[in-house]
Amino acid sequence: MAEMSQNFIHDFIDEELAPGGRCAGMRVHTRFPPEPNGYLHIGHAKAIYVDFGTAEKYGGLCNLRMDDTNPTKEDVTYVEAIQEDIKWLGFDWEDRFYFASDYFEEMYGYAEELIGKGLAYVCQLTPEEMKANRGDVGKPAQSPYRDRPIEESLDLFRRMRAGEFPDGAMTLRGKIDLASGNFNMRDPVIYRISHMHHHRSGDKWCIYPMYDYAHPLEDAIENITHSLCSLEFEDHRPLYEWVRDNVSVKGNPRQIEFARLNMTYTVMSKRKLRQLVEEGHVSGWDDPRMPTLCGLRRRGYTPASVRNFAERIGVAKAASTVEYGFLEHCLREDLNLSAARVMAVLRPVKLTITNYPEGRSETFMVENNPNRPEDGEREVTFSRNLYIEAEDFMEEPAKKYFRLFPGNEVRLKGAYVVKCTGCVKDEAGNVIEVLAEYDPDSRGGNPADGRKIKGTIHWVDESTCLEAELRLYDNLFTDPAPDAGDKNFIDALNPDSLKVLTGCKVEKSLGEAKIGEAFQFMRMGYFSLDPKDAGPGKLVFNRSVTLKDSFKKEGD
RNA sequence: UGGGGUGUAGCCAAGUGGUAAGGCACGGGACUUUGACUCCCGCAUCCGUUGGUUCGAGUCCAACCAUCCCAGCCA
């Protein structure tokens with residue numbers, strides 16, 4: 001994997017690694033700490049790249065840690081999916097796979113330590129009262145329990161743990177600064193009561209540490225040197241450091257924040273993605289239109305393309321929204337190098353070569369990838385009856401159209417040059433068959449007299465081709481910023497984001513296609529089998545991305 | 001109008017006082033048995049604004065403007 005390019009985080013780490021710096025002589029150690037309450041998406045891919053990539057750049061380590069401090073939304077199915085997605089991306093946490101819940105006992109001990117130092121107290125304000133007593137810009141927060149004696153807080157905290165009190169009855173709060181301009185410091189709750197089954201610790205606990213308290217401890221316990229997270233935690237950093245510095249945990253991690261990824265024509269929040277799934281706007285978390293890693297994978301995205309995308313968008317602190325087209329560019333760039341070229345007709349119309357004998361056929365060898373001769377050739381069958389793309393014929397050609405129209409010559413890729421002589425229509429006036437004559441002296445597509453043929457189109461042989469279902473995708477939303485401001489993103493859903501084409505005609509070689517194998521359907525885009533719906537004798541392809549097209553207006 | 005951030009091209013993004021990298025997009029051209037790919041060329045006299053310091057400012061200072069995040073017993 002190519003080394004990550006320099007960014008502001010690395011500048012900072014360089015300083016800390018220098019003689020006299022906080023991390024002089026130490027090994028860089030980062031972590032990726034998802035909460036197992038949903039599926040990973042392309043935004044996480046950036047974070048994963050930053051966390052693992054930074055460690056790798058410095059010859060350090062990166063842990064995978066499930067930040068499971070709130071059992072209400074968490075589930076094991078997510079922890080498995082998360083691991084699968086990270087592995088798919090190509091990153092390796094080796095044997096360093098941890099759970100925040102494994103540190104509950106240790107964290108509890110540090111909480112008693114804080115109480116003992118007079119730095120935490122049990123507060124019995126109800127959630128509503130706490131909210132009402134939070135104060136405002138000019139008015140400090142309040143809690144009548146703030147000066148509760150240490151012994152009393154300790155006793156109450158132990159009884160909280162023992163399960164003597166119902167949810168919400170009391171909390172443990174850090175005793176910091178009720179008047180701070182940073183509301184995170186106004187005696188934040190660090191433990192709450194929640195009588196809930198935890199996916200890992202079961203019913204052992206009924207009190208759970210809050211993120212702001214737990215995270216710095218998790219990092220310190222794992223000896224993390226750099227805790228990289230997104231910008232919204234920037235004003236939590238003073239609290240992160242307060243916890244780290246007021247408890248006897250050994251580690252000394254430092255939090256650094258960077259901008260999270262936003263993209264056009266999609267949404268990135270777990271809540272919204274969940275809504276798309278639950279309301280049935282998509283077929284599931286792995287719907288090929290979803291920005292989830294499982295969705296992208298099913299769509300045909302390669303790990304390399306996603307990693308390369310993450311590398312090229314950079315890491316900075318300015319809020320940014322990357323164009324979705326850039327992700328697509330990264331996919332094309334990768335697939336162009338590796339995907340085998342094949343011919344497939346999405347919207348078939350018959351092409352009859354009227355001067356080619358009936359019953360005769362011949363085979364041609366066609367290169368699999370013109371950019372890579374070493375990929376070899378394959379056989380395609382040619383005969384009198386073929387299928388071509390309906391859009392490759394126009395009875396009355398548009399301006400600059402150089403495909404099939406009466407009187408015009410076109411090359412059938414790898415076979416012969418043919419000249420259009422007309423077409424057959426049904427009663428409604430639809431073209432149902434295109435007629436042409438071939439030039440016998442153009443075998444392989446090279447006219448004997450050397451005349452130039454401007455257009456080359458793809459085709460398949462009627463009697464040997466296979467039928468397939470092709471699924472074409474477009475942006476999930478018609479609005480580049482579907483959830484900006486107070487917009488309801490559901491209103492911006494693209495009704496045409498999925499087009500299912502049946503009865504498509506694909507060349508015979510595609511019968512050997514394997515799950516995970518990418519193809520370029522010449523002139524039509526990159527496709528791969530749908531891993532869920534394709535099966536023996538059932539060809540179902542997803543279009544991963546279109547080809548760039550300087551002629552057509554639409555990328556259908 | 002509290003606290004914390006951020007403003008360099010349509011979108012990302014380098015730049016760390018010495019005269020605006022790179023990528024995507026876009027436009028033009030060459031090549032082409034994919035209107036793809038590839039290859040050339042073009043694309044910020046200017047860095048949110050206004051002042052100031054300096055021989056010299058995107059880089060330093062000041063003020064202002066814009067914009068994002070924060071008042072969960074979520075993460």
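Chain A is the first sequence line, chain B the second, and so forth, proteins listed ahead of strands; every chain is numbered from 1.
In this structure, A:His10 atom NE2 and B:rA14 atom C1' are separated by 14 Å, rounded to whole Å. For A:Ile388 and B:rU34, the CD1 to P distance is 17 Å, given to the nearest whole Å. What separates CZ of A:Phe8 from C1' of B:rG5 is a distance of 11 Å, to the nearest Å. Across the protein-nucleic acid pair, A:Ile457 atom CD1 and B:rA36 atom C1' stand 16 Å apart, rounded to whole Å. Distance, A:Asn262 CG to B:rU6 P: 17 Å, rounded to whole Å.
Residue contacts for A:Glu257: at a heavy-atom cut-off of 4.0 Å it reaches no nucleic acid atom on any strand shown. Residue contacts shown for A:Lys548 are limited to sugar-phosphate atoms, with no base heavy atom under 4.0 Å away. Contact annotation for A:Asn7: no contact, since no heavy-atom pair falls under 4.0 Å across all strands. Residue contacts for A:Val315: at a heavy-atom cut-off of 4.0 Å it reaches the sugar-phosphate backbone alone, with no base atom in range. Across all strands shown, A:Phe521 has no heavy atoms under 4.0 Å from either base or sugar-phosphate atoms.
Geometrically, A:Arg161 engages A:Tyr108 in a cation-pi contact defined by less than 6.0 Å to the ring centre and at most 45° from the axis.
Not counting sequence neighbours, the partners of A:Ser5 by the side-chain contact (heavy atoms from CB on, under 4.5 Å) test are A:Glu311. With sequence neighbours left out, A:Thr264 forms a side-chain contact (heavy atoms from CB on, under 4.5 Å) with A:Thr321, A:Glu323, A:Tyr324, A:Pro480. Under the side-chain hydrogen bond (donor to acceptor under 3.5 Å, both in side chains) criterion, A:Tyr39 pairs with no residue at all, not counting sequence neighbours. Residues that satisfy the side-chain hydrogen bond (donor to acceptor under 3.5 Å, both in side chains) test with A:Asn408, not counting sequence neighbours, are absent from this structure. For A:Cys420, the side-chain contact (heavy atoms from CB on, under 4.5 Å) partners at least two apart in sequence or on another chain are A:Phe393, A:Leu404, A:Pro406, A:Val434. Qualifying side-chain hydrogen bond (donor to acceptor under 3.5 Å, both in side chains) partners for A:Gln83, counting only residues two or more places apart in sequence or in other chains: none. In this structure, A:Glu241 has no salt bridge (charged side-chain N to carboxylate O under 4.0 Å, His left out) partners at least two apart in sequence or on a different chain.
Base orientation at B:rG52 is anti, since its O4'-C1' glycosidic dihedral falls outside 90° of 0.
Using the Watson-Crick or G-U wobble rule with both distances under 3.5 Å, B:rU53 pairs with nothing in any strand shown. Nucleotide B:rG2 is matched to B:rC70 when pairs are restricted to Watson-Crick or G-U wobble geometry with both distances under 3.5 angstrom. Nucleotide B:rC26 has B:rG42 as its partner under the Watson-Crick or G-U criteria, with both atom distances under 3.5 Å.
Near-neighbour residues of RNA chain B inside residues 334-345 of chain A, defined by a heavy atom below 4.0 Å, number-ordered: A:Asn336, A:Arg341. Near-neighbour residues of RNA chain B inside residues 363-379 of chain A, defined by a heavy atom below 4.0 Å, number-ordered: A:Pro370, A:Asn371.
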Protein-proximity profile, nucleotides 64-75 of chain B, B/S/- by nucleotide at the 4.0 Å heavy-atom cutoff, equals -----B-SSBSB
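For residues 131-142 of chain A, no pair satisfies side chain to side chain donor-acceptor pair (under 3.5 Å), with sequence neighbours left out.
Under a 3.5 Å cut-off, the side chain of A:His215 and the backbone N or O of A:Met210 do not form any donor-acceptor pair.
With ring centers used as reference points, A:Phe233 lies under 6.0 Å from A:Tyr211. In summary, the aromatic rings of A:Phe364 and A:Tyr416 are positioned with their centroids under 6.0 Å apart.
Checking each of A:Tyr208, A:Tyr191, A:Tyr110 against A:Tyr213 for a ring pair (Phe, Tyr, Trp, His ring centres under 6.0 Å) leaves exactly one that passes, namely A:Tyr191.
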Determine whether A:Phe104 and A:His198 satisfy the following criterion, side-chain contact (heavy atoms from CB on, under 4.5 Å), listing intermediate values before the conclusion. CA-CA 12 Å; A:Phe104 281 172; A:His198 186 280; 4.3 Å; yes
Output one line per pair: protein atom, nucleotide atom from nucleotides 20-24 of chain B, and distance, for all N/O pairs under 3.5 Å.
from	atom 1	to	atom 2	distance (Å)
B:rG23	O2'	A:Arg312	NH1	2.7

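Taking for each of A:Lys400 and A:Arg332 the nucleotide of RNA chain B with the nearest heavy atom, the 5'-most of the two is the partner of A:Arg332.
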